[in-house]
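To start, the structure under review is shown below, and the notes come after it.
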Amino acid sequence: MIKKFFKRLFAKPGLSRDTPGTATHSHLQGHDKTGRSYSVHKPKIWNVADHRIDRRLVSHNAIRVCETLQSKGYKAFVVGGAVRDLLLGMRPKDFDVATDASPEQVQRLFRRARIIGRRFQIVHVMFGPETIETSTFRALASSSSEVDEHGRVLRDNEFGRQDEDASRRDFTVNAMYYDPTTETVWDYHRGMEDLRARTLRMIGEPVRRYREDPVRMLRVVRFAAKLDFRIEPATYAPIAELADLLKNVPASRLFDEMLKLLMSGSAMACLVGLRKAGLHGGVFPLLDAILDHKKGESFLTEALARTDQRVKDGKPLSPGFLFACLLWHLVLEDWEVRIKRGEVKFPALFAAMDQVLAEQAERTAIPRRLTGDMREIWAFQPRFEKRAGKAPFKMLEQAKFRAALDFFELRAVVGDADKALALWWREFAETDNTHRQSLLDGLRGNAENRGEGGDPARKKRRRRRKPNGGGSATGPAE
Ligand code: ATP
Ligand code: MG
């Protein structure tokens with residue numbers, strides 16, 4: 001019904017484009033499936049006394065982009081997640097601007113501006129380290145949009161009016177426009193009401209919107225976890241049934257979304273939400289195996305709690321490290337099986353890494369750069385038990401040493417690696433070479449007892465007795 005409604009509305013001639021700075025459309029009322037009315041053309045405009053956005057939290061550069069565009073007669077607003085976060089009193093992590101100027105018109109106004117994207121062009125306006133993503137109001141996906149057989153929109157690259165731009169956004173709380181000049185918030189879909197009720201509500205008909213872009217199912221779970229919002233029942237209900245649609249989404253896009261989820265500052269809550277919604281099979285099929293494994297769950301919980309803390313502290317995160325944490329227990333399990341079968345320790349670890357990465361690659365394309373980091377971090381783990389000769393100094397020089405040691409410490413926290421060994425390595429990493437040598441010298445006396453270093457001939461004999469090379473402090477549990 002709503003589809004027809006929109007079609008009828010936007011098929012009307014003469015509603016092509018707003019003139020800058022006006023909001024003169026007639027107030028049209030519609031009703032969505034739940035009987036909730038909403039205004040389609042004319043936004044509710046909130047003043048600062050109502051919305052209470054603290055202008056100091058708004059990026060100066062985003063304000064500058066808006067002011068520059070407005071000074072040339074264009075409309076320009078801060079939009080999307082930034083407005084939502086500002087209304088919640090949070091400092092947004094990035095700022096997007098929406099305008100009725102075309103990408104070329106935007107580019108001309110700024111010294112460092114680049115048009116990117118082929119299908120739908122947006123402009124990156126750059127100020128030092130900050131980039132303000134500036135996009136031209138986009139039209140709704142129409143009957144002429146290219147879709148696949150499941151209704152997924154493949155192309156929708158037409159410019160449109162501001163109200164159309166609002167209607168094609170995902171959730172009502174993500175569809176508000178903030179004009180920093182007048183300090184007003186333009187709200188087309190009762191976003192403010194939902195924000196106050198801490199509710200995520202899909203704009204339009206949820207099933208159709210999920211079919212257009214199944215990633216919206218992942219987004220709603222992420223926002224619910226991150227913002228601690230509830231998901232309105234009609235928005236949540238169709239997800240279980242539509243979860244399979246994720247299979248049609250390009251693996252690279254799923255990876256991007258997965259990364260956003262893990263870096264949201266509420267990573268574990270996101271994973272739990274995904275599983276509850278029945279969505280994890282499509283992005284992260286190995287999640288069941290990890291969370292159902294007690295040790296795997298405690299390791300991941302600890303790893304993600306630290307990740308979330310880093311996000312909250314504004315510290316950088318390494319995606320390779322994160323994904324290494326995510327899949328570690330599967331690697332460990334497979335490694336254990338191989339060791340039990342009599343495979344040799346290091347090759348068995350490499351085979352386990354290949355196996356797990358291949359399984360995950362079926363759903364999420366983890367870029368090669370990251371799998372390289374993950375492999376290095378994992379491969380380091382058994383090396384932490386070798387503290388003889390020059391090996392520790394060599395390890396120190398390797399690029400992934402710090403990350404691998406962090407990882408090893410994390411394992412020690414959950415009882416998956418030797419705590420004393422982790423402490424020793426931390427001391428070794430943080431000191432100077434003289435002290436390092438004395439730390440190593442101090443080990444000589446009792447190295448034999450720990451099965452580290454020592455006489456190579458004795459090592460050989462020991463290996464012959466124990467073909468698996470087992471008994472390590474950090475290798476697979478036996
Ligand atoms: P955050 O950046 O905090 O993850 P966000 O809401 O800003 O959240 P972005 O991915 O940066 O998310 O997108 C910016 C805005 O673009 C959103 O707020 C929403 O209005 C719109 N948007 C993004 N992705 C979609 C989508 N898949 N479908 C519809 N609208 C979308
Ligand atoms: Mg954003």
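Both ligands and their constituent atoms are indexed starting at 1 by order of listing.
When the options Lys260, Arg253, Arg168, Arg169 are ranked by their closest heavy atom to atom 21 (C) of ligand 1, first place goes to Arg169. With atom 14 (C) of ligand 1 as the reference point, the heavy atom nearest to it among Val173, Val83, Asp96, Asp256 is part of Asp96.
For ligand 1, the polar-atom distance check finds an N/O of Gly81 within less than 3.5 Å of one of the ligand's N/O atoms. Taking any N or O of Arg209, backbone or side chain, none lies under 3.5 Å from an N or O belonging to ligand 1.
Taking the charged nitrogens against the carboxylate oxygens, Arg230 and Asp194 have no contact shorter than 4.0 Å, which rules out a salt bridge. The residues Asp85 and Arg91 are annotated as not salt-bridged, no charged nitrogen and carboxylate oxygen being separated by less than 4.0 angstrom. Ion pairing between a basic and an acidic side chain is recognised when a charged N comes within 4.0 Å of a carboxylate O; Glu193 and Arg190 show such pairing. Under 4.0 Å is where a charged nitrogen must lie from a carboxylate oxygen, and between Glu212 and Arg209 at least one such pair does.
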Do Arg275 and Asp292 pass the salt bridge (charged side-chain N to carboxylate O under 4.0 Å, His left out) test, and can you show the C-alpha distance, the side-chain angles, and the key distance before you say yes or no?
CA-CA 12 Å; Arg275 205 175 181 209; Asp292 287 341; 2.6 Å; yes
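If you number the atoms of ligand 1 from 1 as listed, the ones under 4.0 Å from a heavy atom of Gly80 come out as 18 (O). Each of the following atoms of ligand 1 lies closer than 4.0 Å to a heavy atom of Lys226: 3 (O).
Atom 28 (N) of ligand 1 has as its closest protein heavy atom Arg216 NE, 2.7 Å. Closest to atom 19 (C) of ligand 1, if we only count protein heavy atoms, is Asp170 OD1, 3.5 Å. The protein atom (non-hydrogen) at minimum distance from atom 6 (O) of ligand 1 is Arg84 NH1, 2.9 Å. Nearest to atom 27 (N) of ligand 1 among the protein's heavy atoms is Asp213 OD2, 2.7 Å. Considering only non-hydrogen protein atoms, atom 1 (P) of ligand 1 sits nearest to Lys93 NZ, 3.4 Å. The protein heavy atom nearest to atom 20 (O) of ligand 1 is Asn174 O, 2.9 Å. Atom 4 (O) of ligand 1 has Arg222 NH1, 2.7 Å as its closest protein atom, hydrogens excluded (heavy atom only). Remark: minimum distance from atom 22 (N) of ligand 1 to any protein heavy atom is reached at Arg219 NH2, 3.6 Å.
Between Phe323 and Thr371 there is no side-chain heavy-atom pair separated by less than 4.5 Å. Side-chain contact between Phe171 and Thr199 is absent, with no heavy-atom pair separated by less than 4.5 Å.
Between Val185 and the options Tyr177, Phe77, Trp46, a side-chain contact (heavy atoms from CB on, under 4.5 Å) holds for only Trp46.
Distance alone, capped at 3.5 Å, is enough to place a donor-acceptor pair between the Ser59 side chain and the Ala62 backbone.
Across every non-hydrogen atom of Pro214 and Leu246, the tightest pair is O-CD2, 3.7 Å.
At a heavy-atom cutoff of 4.0 Å, ligand 1 is contacted by no atom of Phe171, backbone or side chain.
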